[in-house]
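Take a look at the structure set out below.
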Amino acid sequence: MATAVMNMTTAALDWVSIAFDAPLARAVVFGVHIDGHLVVEVLLIAVILFQLTRKSYKPPKKPLTDKEIDDLCEEWIPEPLHPPITEEMKAEPPTLESAAGPHTVIDGKEVVNFASANYLGLIGDDKIIDSCVASLEKYGVGSCGPRGFYGTIDVHLDCERRIAEFMGTPDSILYSYGISTIFSVIPAFCKKGDIIVADEGVHWGVQNGLYLSRSTVVYFKHNDMASLESTLEKLTHGNKQAEKIRRYIVVEALYQNSGQITPLNEIVRLKEKYRFRVILEESHSFGVLGNTGRGLAEHYGVPIEKIDIITASMGNALATDGGFCTGSARVVDHQRLSSSGYVFSASLPPYLASAAIAAVDHLEDNPSFLTTLRSNISLLREGLSNLPGLTIASDPLSPIVFLKLKKPTGSSKNDLELLNKITERALKEDSVFIVSTKRSVLDKCRLPVGIRVFVSAGHTASDIKKVSDSLQRVAALVLAEHI
Amino acid sequence: MPHPLLLLLLPPLPPIPPIAVPREIRRMARLTYLTALTTLIGYGIFFAFGLLRDLFRKLFNWSKKSDDRKGYAPICPAFEDFYTRRIYHRIQDCFGRPIASAPDAWIDVVERYSNNNNKTLHRTTQTTRCLNLGSYNYLGFAAGDEYCTPRVIESLKKYSPTTCSTRVDAGTTMLHTELEELIARFVGKPAAITFGMGYVTNSSIIPALVGEGGLIISDSLNHNSIVNGARASGATVLVFQHNSPSQLEELLREQMVKGQPGTGKPWKKIMVILEGIYSMEGEFSKLPEIVVTCKKYKAYIYLDEAHSIGAVGKSGRGVCELLGVDPADVDIMMGTFTKSFGSCGGYIAASEEIIQYLKYTCPAHLYATSMSPPAVQQVLSAIKVVLAEDGSNRGAKKLAQIRESSNFFRSELKKMGFVVLGDNDSPIMSIMLYNLAKLPAFSRECLRRNVAVVIVAYPATPVLLARARICISASHTREDLIKGLKVISEVGGLVGAKCFPAEPEKIQKLD
């Protein structure tokens, strides 16, 4: 069979070559002996040249007639504005019926509140409420205008000066909302072409600022200094251009997605070695870290001038709302005209600015709050050290005690389901209010989810014992199969 | 050809702002060629002097060590803030004037002085009592109100100034739930969600609704928060000519045919974003026509009512009520509480499902501190006053007052010969000044006569269309307005802003 096919193929080939060779076997043109295959080759070249000279084929563009456009528009079906609503989307958070202090009232029951970032226990403090009442009576509630158009009230200027005094920097600038601080500061200083190296665990506000700045953003592994060093090395190695563009390292002092504290001394060393500037987000560490609450720089003993830009939200330790940014005079001055969240938005309500001044005064006069907070944190960590199925993943000094699953199920969604069951049962059965991580669809952070317990200086030892006992019990029940 | 070494001394040229103004806007703002020419010459002179000063600075600082450290690029390169240093700083005393009282009809403006030609300003303890024509205080809730303030103080004592927590954690109080129901009822939509800041509302809602593969068509004069939100969403953003439904329709048809850039696939969804009142012009958007167009092409409409909610419409329900548009036709209605209700924060009102989805995924709801409870109470009380649910008719009186005052003020200004922008019934009006030098003159002369006005120039407005903007409030009395008109007339005459001939008989009546 194979030989028959072989014979047939050889016969066909012979026939073809004879057919080609025969007529021109004896033709001689210009002294060149014409062979059959030469004809084929010449024909091929002619065809190729012919095709090359033709214009490339474009399907003829007929503009659509009006009727055709109308039909197109009729047929088009847009996606709905929201995806189908699932059960988990319908979940409603518990509604508080009193102030969000260490004890609050939910559904008529009194619960122990470990879900508010009220680190210094200033919610419900009389001095602060008195200063707010005085401010409300004098200035009303809102400021009715942006800072440039009669929205600057003297309390704002006093607050900025007070914060600059407290931090030891030349000047500071006040923003009207905590989360808008960082995503207005970053685009004011970083434009297209600049390089930013950021931690992969930064929260959504920072991610949004990085996206809006249109700079080149490179992420390094969460809180991993070796990864940061290698990233910096890669970016600057042999790159002469790097000297002429602005380069920044963006980190949070205390990550709200994991409770880790960034090693500032390492960062300053790397920054000086590779000549980067540092933008430090201190929302959860201002008023918490350091001997007098001045933040991460005080905690590590780094002089404040080495940090180029510090931003913080005042909605945590200072128990008010809004945010501030502080740094050198040049840094602060530049933001007054080019920071969009400052220029295009109404200013902070004056009573919140006076609450901030009262809170800073309070903190400076009573550093004992910090020692109480620290002892509460260590007490809680002791109580939660042997939880079935959960492990503490945050830094020992962090007031956000982050509990991760010992054996994650492999998908964030299922992890969250388990954790939500724990928090719901803790609230319903033991009147202990704790919360799990909430992730938006738009959030790019991929750190593991967990339960966050916010410790406050206003919690008593019995509150802390209550939450540890409750977690021991509920975690054992819910995670029985998962240990 | 200048010597090459001299060229080294020249600082890098600053970016030239875009000068072209679209024909529609030129017509609306009555910009003549002569005015444009003189304004440009003015800008040219400032530019030239600025460059000269930069040159001298470079010469004198040749040997001085720069304050930027070695090896680092400067944090603010010289050409980026040319405009700030050389043009804005000269008139800096007209902006950011601190006040020492509530932003009511009369304010105490703090006097400032400068030792270095306006580069840095220092506060004094002196204040001047001025008529406030600049704050967004449309219904007069800025200062204490007899119904609102006691309730606000009560809620402050009960709930503290903040909840220190996000809405999904421990930040939802009874007040927040009540406010969401009330605002939904007020605006005429099934449900609503509130946030602590209007700017953040726009910046974080738009990315949650439209993502990549979607198309956002926004009005050319939209606010910065909308521009930022559109940019952050990752969708393709196109701009349609201000208030032009016909151009919008053309653009929609063209985009339907073209599809997504690169692949040509049909768009996933199209969203048209526009505002109720445009705050720099004071004019209403052509909402009815745009709604018809969008319905025809199945595009979603996002209406930003920051300035119009509570201030226009027979019962204060905003632009939809004023222009006769059914709220059900507008997919998403957004607004802020800062302007008419004297508080802070923003809201979105839409269908139940959209709000549920937003509560599940909107970053501002999940990560940002919840709205301050006293501020929530202020809005609740203010809306109850407007809806007459507090048992009095002050709400209706305020609305009638602001309508009459705005119309009176605008007609009087027009009679004096000023070029005034703004539609009837709108509480915002702009007096065109065009020339950059007239702005600080107008502002300072008015302040000397105890009237506080707001001036706006580039980049908030086009380069050639600088103006003074007036915001009328329901707490302005007729005498206040007449005083304001007298001062503006005097200063306008001094500055040369009366472009049209005045009507003589009416001027005598004012005296």
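Labels below follow one simple rule: chain letters A, B, ... track the order of the sequence lines, proteins then strands, and each chain is numbered from 1.
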**OP:** Please assess A/Tyr351 against B/Ser372 for the test side chain to side chain donor-acceptor pair (under 3.5 Å), listing each intermediate value before the final yes or no.
**Re:** CA-CA 11 Å; A/Tyr351 74 95; B/Ser372 170; 2.7 Å; yes

Original post:
By side chain to side chain contact (heavy atoms under 4.5 Å, CB included), which residues pair with A/Ser283, not counting sequence neighbours?
Top reply: A/Glu281, A/Ser313, A/Asn316

Original post:
Can you name the closest pair of heavy atoms from B/Gly234 and A/Tyr211 and give their distance?
Top reply: CA-OH, 3.6 Å

Subject >> Electrostatic pair B/Arg123-A/Asp158, nearest N-O below 4.0 angstrom >> reply: yes

Original post:
Quick one: what part of A/Phe344 sits under 4.5 Å from any heavy atom of chain B, side chain, backbone, both or neither?
Top reply: both

**OP:** Examine whether an atom of A/Leu157 lies under 4.5 Å from a heavy atom of chain B, and if so say whether it belongs to the side chain, the backbone or both; otherwise answer neither.
**Re:** both

Original post:
Where on A/Phe183 is there a heavy atom nearer than 4.5 Å to chain B: the side chain, the backbone, both, or neither?
Top reply: side chain

Subject >> From A/Ile106 atom CD1 to B/Thr172 atom OG1, the distance as rounded to the nearest 0.5 Å >> reply: 10.0 Å

**OP:** With a 4.5 Å cut-off on heavy-atom pairs, point out which of A/Glu88, A/His156, A/Arg147 contacts chain B the most.
**Re:** A/Glu88

Subject >> Pairwise side-chain contact, B/Met197 with A/Ser345, heavy-atom cut-off 4.5 Å (strictly under) >> reply: yes

**OP:** Evaluate the side chain to side chain contact (heavy atoms under 4.5 Å, CB included) criterion for residues B/Glu353 and A/Met89: first the C-alpha distance (whole Å), next the side-chain angles of each, then the deciding distance (0.1 Å), finally the verdict.
**Re:** CA-CA 10 Å; B/Glu353 291 87 24; A/Met89 288 191 198; over 6 Å; no

**OP:** Please list, chain by chain and in numerical order, all residues satisfying side chain to side chain contact (heavy atoms under 4.5 Å, CB included) with A/Asp71, sequence neighbours excluded.
**Re:** A/Lys67

Subject >> Which atoms of B/Asp331 approach chain A - backbone, side chain, both or neither, heavy atom under 4.5 Å >> reply: side chain

Original post:
Of the backbone (N, CA, C, O) and the side chain (C-beta and beyond), which part of B/Thr163 lies under 4.5 Å from a heavy atom of chain A, both, or neither?
Top reply: both

Original post:
Of all of A/Cys73, A/Gly142, A/Ser440, which one pairs up most often with chain B through heavy atoms under 4.5 Å apart?
Top reply: A/Ser440

